[in-house]
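Basis for what follows: all heavy atoms, side chains included, without hydrogens, waters or symmetry-related copies. In what follows, chains are A, B, ... by sequence order, proteins preceding strands, each numbered from 1.
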Amino acid sequence: MPMEKTFDAAAAEPRLAAAWEAANAFAAGANAKPGAEPFCIMIPPPNVTGSLHMGHAFNNTLQDILTRWHRMRGFDTLWQPGTDHAGIATQMVVERELAKSNRRRTDFSRADFTRLVWEQKKKSRGNIIGQLKRLGASCDWSREAFTMSGAPGAPDGEAGNFHDAVIKVFVEMYNKGLIYRGKRLVNWDPHFETAISDLEVEQVEVNGNLWRLRYRLADGVSYEHPVAFDDEGRATDWETRDYLVVATTRPETMLGDTGVAVHPDDVRYRHLIGSHVVMPVTGRRIPIVGDAYADPDKGTGAVKITPAHDFNDWGVGTRTGLRVINVMDTRAAIALRDNADFAEGCPADLIAAAIERFDGRDRYEVREAIVTLARDDGWLDGIDADRHMVPHGDRSKVAIEPFLTDQWFVDTAKIVGPALDAVRDGRTQILPERDTKTYYHWLENIEPWCISRQLWWGHQIPVWYGPGVEPDGKSDYSTEGLKVFCGTTFAEVAAQARAYYGVASVHEKADLSAALEDQLESFSHAEASVSLWRDPDVLDTWFSSGLWPIGTLGWPEQTPELQKYFPTSVLVTGFDIIFFWVARMMMMQLAVVGDIPFRTVYVHALVRDEKGKKMSKSLGNVLDPLELIDEYGADAVRFTLTAMAAMGRDLKLSTQRIAGYRNFGTKLWNACRFAEMNGVWEGHATQGAAPQPKATVNRWIVGETARVREAVDEALAQYRFDAAANALYAFIWGKVCDWYVEFAKPLFDDAATAAETRATMAWVLDQCMILLHPIMPFVTEELWGLTGRRDKLLVHADWPAYGSDLIDPAADREMNWVIALIDEIRSARAQVHVPVGLKLDMVQLSLDEAGRAAWMRNEALIRRLARIETLTEAAAAPKGAITIAVEGGAFAIPLEGIIDIAEEKARLAKALDKLRKDLGGLRGRLGNPKFVASAPEEVVDETRTLLEQGEDEAAKIEAALARLAEIG
RNA sequence: GGGCGCGUAGCUCAGCGGUAGAGCACUACGUUGACAUCGUAGUGGUCACAGGUUCGAUCCCUGUCGCGCCCA
């Protein structure tokens, strides 16, 4: 059945994908040569509930190119797929679902809720995986991993040991002192009611106010505040104040103020350091402290200090010994009732009034209320509009609160060293190189990593608490006094506890109160026992995905895959997760197994819309890769992303561009169709070696093929995906289709050349399919199947290794001359408006030896492509002819009566003008003795040659012009 | 404020010490034995600006201007 005119991507893609799957084509080690070197890529696991966006499409296209390329080259290749359980994101999906029927997470038991999330996981997993498959991602799908596989409560079909790996790492790091628990100010997300890490906080610039509040000085103190200044900034007038004005963007936090800071060198205030103010509302007496954090140029120079609700204030409080008063609950509502810290040191009536007024209300409501109160009571000094940064949760999009809680931290300072060294000494290479700076900068200034999350979906922290034992033998159940047991299972922990407490039996209880209850009961038992309860928190998602390289390969089991594929070869990822993921994988792999996770990290940029805007749902400029695949085919989308993947640069995607590359696929398709019509594929089977044709044209295209193979390999070896794509585009369209296919037409008519041309064309087109396959897998696989008897699918075809040995320099020169001649004739014809279809006679005025030989050998195709009827020799050009000057010769085409003499004059004059300009430059250089002396010899030689050729050509054009002048 | 980039044809971008390229867009012509998802020919650039290094600078260095991004 003859080929269709175009490739039907929509129909072919599922069929081809099924064929690959049936052949197990992507399995680890498939198509590996004996003793092959391993090549392994770990997919950056998408969120299990996610769907494919343009960034994924880009990221996975690049990985697939590398994977397919290596697999075809016979490497022992593994592209490891999987998904991430994505703690907050996934829990959010389920909670949103529940909210539709007015239910909350807390309406369920933890186990029941977790079961719902597992169900959601099962339901959504297929989405993203199916979408990756539609892109053509050649992952070993039989090895699909999940960051929570094997976790307690995991349903059937979720076997695996990733959970074991995560727990084991936590326990080991805890035992080595790399993980600790601490009461610290953390970023608290009031929406999800959990701590988050620094990285999950986004700074958002918002329009707000700077409110100035008057805090009354205690003990009758007053001071002179400067109010007028001379030109040099010296105070010239003062007023007496018995209050201090502080400026704040967050008035509501004044309820937790425990100090006012001024700069120790600030002449306005420094004498007040050590004095006190009495707070409005609460009547609390708080000190004025000196600290360099107070910037004399910002606000009023005096800043209220709330150590419990601001990171900077926490620092000031720590340095100057201020109290810490927490006035908010986990949802960022003001919490004053039964708040002993708050009540301490304040008059009871004021406390009662404050509770009445503010307790239980949202932070923003209280802000309004405080400002109103301040205005009414006369301690609002003023309001200035102020634009400032407010930290927001990257998932919840609500303003985060610095919040004082007990959390678990990785002591990153202790494990950062090896991760820095590995990049510094080149064991791991980050590309583009500038991203190493980003990596260094972050790691060199690394902060402790808060890894506990107050969520239910995730790896529960393997820590159990029991009572502390005081010197007098009493049990201590206070938060600070608890004894921590860390182990991979309760049995392990129970053994530790039995030894620690010297008791025979240890029970596990749900929480502290259940444990206490049990403990009280145990007094009535004969046997001494202790009850422990597990830390309810789960680990940051990135803690587990930080173990992705070893975890997916089966660690802690010493699997053959781990032996073979670790350290992995390349990580392909976006720059936005260098900190989240890349740096942490480096630190953790080095800390846990003492080796780098990957040898190369290829960092790519962002996919933007065609105007350069970040794609976002709210802007409505999101291009959905799946819709694009539906419309243009996966190959077109892939090729577009590849061609635009200049290292480290954002790519602006337009559908026009995708359509252009879809056309490129069609172009190759039709070249193959042309071949089919000319019997090229009759009896064709994959050739092991390149053909050795005799005709110059065929020898030339074989050499060009060898060139592009080298270019593609070199480009891919350097991760220059764009260069690989462009080299193939230029070769297939610009060389094979534009010239070779055209040249072949007359060759097919000649019995002497037909056979070898068929063989050559078959080979060349095979090479096109092979070389293009990593970027455009579908159309090439389809063509491969349609065009010959094949032992293997194209996905497993042997990648060629031939090189410049196939280039025949003589054929190269000759074909370049032929192409230049055809170009010249076509250009001349078009410019003097000779109808395209008209066949003309041509006169050869002069031609050197090489030119004559070239003409002889290629006459048929020159005549055909330049539309020349006959060639005769003559010493001089006939009247009314156009002149064609080429290297080594000149031709004329008589066009008397057909062309406009003036037009031909103009054409030649223009050509001559450009030529003279070029020659002027060349002469100028050669005339400069310093150039001849200093420039490399080959550059000087080349310049001389160019000059000679140019002068020769100019002479011919001048002669032609002179002739035209005679005619008038 | 600190850091990293980027300013090349109308647009999107390659190039990078030897005198400027691609795709798209645009103009004219055209169904010549694959392809109109096409062909042929063409228009279009003091390579942001100013200095410096060099025989020679779009490319290297310095500064200026403009635009992004990241971290505070």
Side-chain angles (χ1 to χ4, degrees), chain A residues 2-7 198-199 203 312 389 432 434-438 440-442 445 575-576 578-579 605-606 608 610-614 632-633 636 640 643-678 680 720 722-723 725-727 729-730 733-734 736-738 741-742 744-746 748-749 765 822-823 825-839 864-867 917-918 920-922 924-936 938-940 942-943 946:
Chain A
M3 285 171 70
E4 298 292 327
K5 277 181 113 172
T6 55
F7 169 59
D198 302 346
L199 285 179
Q203 300 294 333
N312 289 314
M389 302 300 260
R434 94 169 91 93
D435 283 308
T436 58
K437 287 181 192 158
T438 319
Y440 290 147
H441 182 261
W442 190 65
N445 298 288
F575 75 94
D576 49 334
I578 293 181
F579 307 141
L606 224 61
R608 297 172 176 276
E610 55 194 310
K611 294 188 190 78
K613 286 242 163 57
K614 204 166 165 174
Y632 301 100
T640 307
M644 297 178 78
M647 216 188 277
R649 211 166 148 143
D650 286 346
L651 44 150
K652 295 175 192 164
L653 200 61
S654 74
T655 52
Q656 213 175 32
R657 191 88 182 225
I658 301 170
Y661 289 126
R662 185 256 334 258
N663 299 353
F664 172 58
T666 309
K667 191 74 182 175
L668 175 63
W669 178 271
N670 276 292
C672 292
R673 185 159 163 265
F674 167 80
E676 182 195 43
M677 292 169 156
N678 286 280
V680 165
R720 291 296 314 269
D722 58 330
N726 291 327
Y729 188 98
W733 200 315
V736 176
C737 294
D738 285 351
V741 166
E742 294 303 323
K745 288 172 184 173
F748 284 143
D749 293 339
L765 289 172
I822 293 169
D823 272 344
I825 298 173
R826 280 175 169 173
S827 177
R829 290 175 57 125
Q831 285 181 63
V832 296
H833 303 117
V834 176
V836 180
L838 195 62
K839 291 194 174 176
R864 181 192 178 87
L865 293 185
R867 312 229 105 211
K917 218 173 117 190
D918 290 348
L922 294 169
R925 271 200 280 166
L926 285 166
N928 180 347
K930 282 187 179 171
F931 170 71
V932 182
S934 320
E938 64 264 28
V939 173
V940 179
E942 199 192 325
T943 312
L946 282 173

Rounded distance in Å between the P positions of B:A22 and B:U43 = 12 Å
Under the side chain to side chain contact (heavy atoms under 4.5 Å, CB included) test, which residues partner A:T438, sequence neighbours left out?
-> A:D435, A:F579
Just the dot-bracket of RNA chain B, please: which string comes out with Watson-Crick or G-U pairs under 3.5 Å, [ ] for crossing, | for another strand?
-> (((((((..((((....[..)))).(((((.......))))).....(((((..]....)))))))))))).
Which part of the nucleic acid does A:N445 contact within heavy-atom distance under 4.0 Å: base, sugar-phosphate only, or nothing?
-> nothing
When rounded to the nearest Å, what value does the distance between P atoms of B:C13 and B:G17 take?
-> 23 Å
Separation of the P atoms in B:A50 and B:A57, to the nearest angstrom = 14 Å
Quick one: label A:K745 by what it contacts on the DNA or RNA (base, sugar-phosphate, nothing), any heavy atom closer than 4.0 Å.
-> base
When rounded to the nearest Å, what value does the distance between C1' atoms of B:G45 and B:G15 take?
-> 14 Å
Which part of the nucleic acid does A:P936 contact within heavy-atom distance under 4.0 Å: base, sugar-phosphate only, or nothing?
-> base
Contact class for A:C737 vs. all strands (heavy atom < 4.0 Å): base, sugar-phosphate, or nothing?
-> base
For A:R657, report the nucleic acid contact type (base, sugar-phosphate, nothing); a contact means any heavy atom under 4.0 Å.
-> base
Let me have a per-nucleotide readout for nucleotides 37-42 of chain B, 5' to 3', with B, S or -, counting only protein heavy atoms under 4.0 Å.
-> BSSSSS
What does A:E742 touch in the nucleic acid at a heavy-atom separation under 4.0 angstrom: a base, only the sugar-phosphate, or nothing?
-> base
Is the distance between the ring centroids of A:Y729 and A:Y661 under 6.0 Å?
-> yes
Shortest non-hydrogen contact from A:R673 to A:E4?
-> CD-O, 3.2 Å
When rounded to the nearest Å, what value does the distance between C1' atoms of B:U31 and B:C38 take?
-> 9 Å
Rounded P spacing from B:G63 to B:C71 in Å | 26 Å
Which value, in whole Å, describes the distance between the C1' atoms of nucleotides B:C65 and B:U19?
-> 27 Å
Do you know the tightest heavy-atom contact between A:P929 and A:G927?
-> CD-O, 3.1 Å
Classify the nucleic acid contact of A:R829 as base, sugar-phosphate or nothing, counting any heavy atom under 4.0 Å across all strands shown.
-> nothing
Pair A:F931-A:L926, side-chain contact (heavy atoms from CB on, under 4.5 Å): steps then yes or no = CA-CA 7 Å; A:F931 170 71; A:L926 285 166; 4.2 Å; yes
A:N928 near the nucleic acid: base, sugar-phosphate alone, or nothing, with a heavy-atom cut-off under 4.0 Å?
-> sugar-phosphate
Provide the distance between the two P atoms, one in B:C24 and one in B:A72, to the nearest whole Å.
-> 44 Å
Does A:E742 reach the main-chain N or O of A:L865 with its side chain, forming a donor-acceptor pair under 3.5 Å?
-> no
